[in-house]
Amino acid sequence: MTMTTTVPLPAGWPTTEERARAVQDELRLRVVLDEPGPPPGTGHVTGVDVAYDDERDLVVAAAVVLDAASLHVVAEATAAGRVPFPYVPGLLAFREIPAVLAALDALPVPPGLVVCDGYGVAHPRRFGLASHLGVLTGLPTIGVAKNPFTFTYEEPGTRRGAASPLLAGVEEVGRALRTRDAVKPVFVSVGHRTSLDTACAHTLALTPEYRLPETTRRADALCRRALKEATA
DNA sequence: GCGACAG
DNA sequence: ATCTTGTCGC
């Protein structure tokens, strides 16, 4: 059974793009990049995702906890509220995080590593959704995105497991990682308290069958379902 | 100035 | 993100 809670807007949540960028420039200093992160296949791995109904100004987030070894669902929670920020490239976190925080708070078990649908340090100011969520919660986080955003990369080898650097100019901000033979890669970046190697290892452990991590797939399905039930 | 741009 | 049917393939 899934419990849906109501989203409280964190105190001081920015309303303007200018303020939001200032918040990123301040919080980015707290990102921890010198920890390896939890080893793949142990403990919990949690996927978070968000669905919208802009017509009704409604946002629903889902958090799904998996046992990292079996990939079985251990717990799940959802949270619904008003959309707190418009979609602006580079400021996605301000639109998604309040609902995600509420869903994580509603979980009955520790989340372990949190897998986000989007980017971590692969970001214009090196502070994407996954890093922001990590700093706010203290949890280890990674970002697994479906698109290369503004970054560049060389096509990785055709086999699952092949990878190539995701580049912001000459700086490596993440990795294009093939999770399925001959299928478009995903774009992995560190969020908080995790290394890039660990992030990629987790991503491969979570993709035994599909291109996207099992965590993301489960969270995506849950928030869409909860949005329909909230709309109905 | 123009275009591109995680979800 | 979201709007949306059928269809090709394992």
Side-chain angles (χ1 to χ4, degrees), chain A residues 7 17 20-21 23-24 27-28 31 47-64 78-101 103 114-135 141-153 160 166-169 171-177 179-192 196 199 203 208-213 215-232:
Chain A
V7 176
E17 295 184 24
R21 292 192 185 88
V23 168
Q24 290 181 329
L27 293 184
R28 60 187 290 190
V31 176
V48 293
D49 195 18
V50 173
Y52 300 94
D53 182 338
D54 283 305
E55 298 293 288
R56 306 195 183 198
D57 189 37
L58 197 58
V59 54
V60 175
V64 179
T78 58
R82 300 304 182 126
V83 181
F85 207 89
Y87 172 68
V88 179
L91 301 179
L92 177 64
F94 296 95
R95 184 171 168 82
E96 307 217 327
I97 280 187
V100 170
L101 285 175
V114 179
V115 181
C116 296
D117 192 7
Y119 281 114
V121 298
H123 179 272
R125 286 167 294 283
R126 303 298 176 267
F127 195 67
L129 170 64
S131 296
H132 201 145
L133 185 65
V135 165
T141 62
I142 68 173
V144 180
K146 298 180 285 295
N147 300 294
F149 198 16
T150 61
F151 308 107
T152 61
Y153 67 101
R160 162 178 157 85
L166 184 65
L167 302 172
E171 181 183 358
E172 177 171 13
V173 293
R175 213 167 273 166
L177 177 64
T179 55
R180 295 279 287 158
D181 290 355
V183 172
K184 175 180 178 176
V186 295
F187 305 90
V188 181
S189 60
V190 166
H192 183 60
L196 185 54
T203 300
E209 190 170 7
Y210 297 98
R211 173 186 178 233
L212 297 181
T215 38
T216 300
R217 290 168 40 76
R218 296 312 252 275
D220 178 75
L222 179 55
C223 67
R224 290 196 200 208
R225 192 200 321 150
L227 177 63
K228 286 190 177 182
E229 293 171 359
T231 297

S.K.: Find out whether L166(A) and S189(A) are in side-chain contact, i.e. whether some heavy atom of one side chain is under 4.5 Å from a heavy atom of the other.
M.R.: no
S.K.: Which residues satisfy the salt bridge (charged side-chain N to carboxylate O under 4.0 Å, His left out) test with D49(A), sequence neighbours excluded?
M.R.: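 Result, salt bridge (charged side-chain N to carboxylate O under 4.0 Å, His left out) vs D49(A): none returned.
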S.K.: Please check: side-chain N/O of R126(A) versus main-chain N/O of R28(A), any donor-acceptor pairing under 3.5 Å?
M.R.: no
S.K.: Take nucleotides 4-10 of chain C nucleotide by nucleotide from the 5' end and write B, S or -, depending on whether a protein heavy atom sits under 4.0 Å from the base, only from the sugar-phosphate, or from neither.
M.R.: -------
S.K.: Please classify the nucleic acid contact of G90(A) as base, sugar-phosphate, or nothing, using heavy-atom distances under 4.0 Å.
M.R.: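 Since a base atom lies under 4.0 Å of G90(A), the category is base.
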S.K.: Which nucleotide span of DNA chain B, 5' end to 3' end, has atoms closer than 4.0 Å to non-hydrogen atoms of chain A?
M.R.: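 Contacts span dC5(B) to dG7(B), reading 5' to 3'.
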S.K.: What pairs with R180(A) under salt bridge (charged side-chain N to carboxylate O under 4.0 Å, His left out), at least two apart in sequence or on another chain?
M.R.: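 So R180(A) forms no salt bridge (charged side-chain N to carboxylate O under 4.0 Å, His left out) with any residue.
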S.K.: Can you name the salt bridge (charged side-chain N to carboxylate O under 4.0 Å, His left out) partners of E229(A), sequence neighbours left out?
M.R.: none
S.K.: For V64(A), enumerate each residue passing the side chain to side chain contact (heavy atoms under 4.5 Å, CB included) test, keeping only those at least two apart in sequence or located in another chain.
M.R.: L66(A), V73(A), E76(A), R218(A), A219(A), L222(A)
S.K.: For R224(A), enumerate each residue passing the salt bridge (charged side-chain N to carboxylate O under 4.0 Å, His left out) test, keeping only those at least two apart in sequence or located in another chain.
M.R.: D220(A)
S.K.: Could you check whether L91(A) gets within reach of a base, just the sugar-phosphate, or nothing at all, counting any heavy atom under 4.0 Å?
M.R.: base
S.K.: Rounded to whole angstrom units, what separation is found between the CD atom of E55(A) and the P atom of dC3(C)?
M.R.: 10 Å
S.K.: Using a strict 4.0 Å threshold on nitrogen-to-oxygen distance, state whether E209(A) and R217(A) make a salt bridge.
M.R.: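 Judged by the 4.0 Å cut-off on N to carboxylate O distance, E209(A) and R217(A) do not form a salt bridge.
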S.K.: Quick check: does any side chain N or O of R21(A) sit under 3.5 Å from a backbone N or O of R125(A), one acting as donor and the other as acceptor?
M.R.: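 Checked: no pair found.
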S.K.: R160(A) side chain to T179(A) main-chain N or O, any donor-acceptor pair under 3.5 Å?
M.R.: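 Flag set: sc R160(A) to bb T179(A) pair under 3.5 Å.
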S.K.: Counting only pairs under 3.5 Å, give me each side-chain donor-acceptor contact of residues 92-101 of chain A, with atom names and distances, residues two or more places apart or in other chains.
M.R.:
{"residue": "R95(A)", "atom": "NH1", "partner": "F85(A)", "partner atom": "O", "Å": "3.0"}
{"residue": "R95(A)", "atom": "NH2", "partner": "D54(A)", "partner atom": "OD1", "Å": "3.2"}
{"residue": "E96(A)", "atom": "OE2", "partner": "Y52(A)", "partner atom": "OH", "Å": "3.0"}

S.K.: I want to check something: taking the side chain as every heavy atom from C-beta on, are S131(A) and T141(A) in contact at a cut-off of under 4.5 Å?
M.R.: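 No, every pair of side-chain atoms sits at 4.5 Å or beyond.
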S.K.: Where each pair must be Watson-Crick or G-U wobble with both distances under 3.5 Å, what dot-bracket representation of DNA chain B is obtained, with crossing pairs in [ ] and other-strand partners as |?
M.R.: .......
S.K.: Scan Y87(A) against the nucleic acid and name what it touches under 4.0 Å (heavy atoms): base, sugar-phosphate only, or nothing.
M.R.: base
S.K.: Please work out which residues in residues 119-129 of chain A have a non-hydrogen atom less than 4.0 Å from an atom of DNA chain B and list them by number.
M.R.: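 Heavy-atom cutoff 4.0 Å gives Y119(A), H123(A), G128(A), L129(A).
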S.K.: Applying ring-ring contact (aromatic ring centres under 6.0 Å, His included), can you list everything that pairs with F151(A), at least two apart in sequence or on another chain?
M.R.: Y119(A), F149(A)
S.K.: Tell me the stems DNA chain C sits in, counting at least three consecutive Watson-Crick or G-U wobble pairs, each under 3.5 Å on both distances.
M.R.: none
S.K.: Do the non-hydrogen side-chain atoms of R82(A) and V7(A) ever get within less than 4.5 Å of each other?
M.R.: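 Side chain of R82(A) against side chain of V7(A), heavy atoms only: no contact under 4.5 Å found.
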S.K.: Between H123(A) and G90(A), is there a donor-acceptor pair closer than 3.5 Å when you use the side chain of the first and the backbone of the second?
M.R.: yes
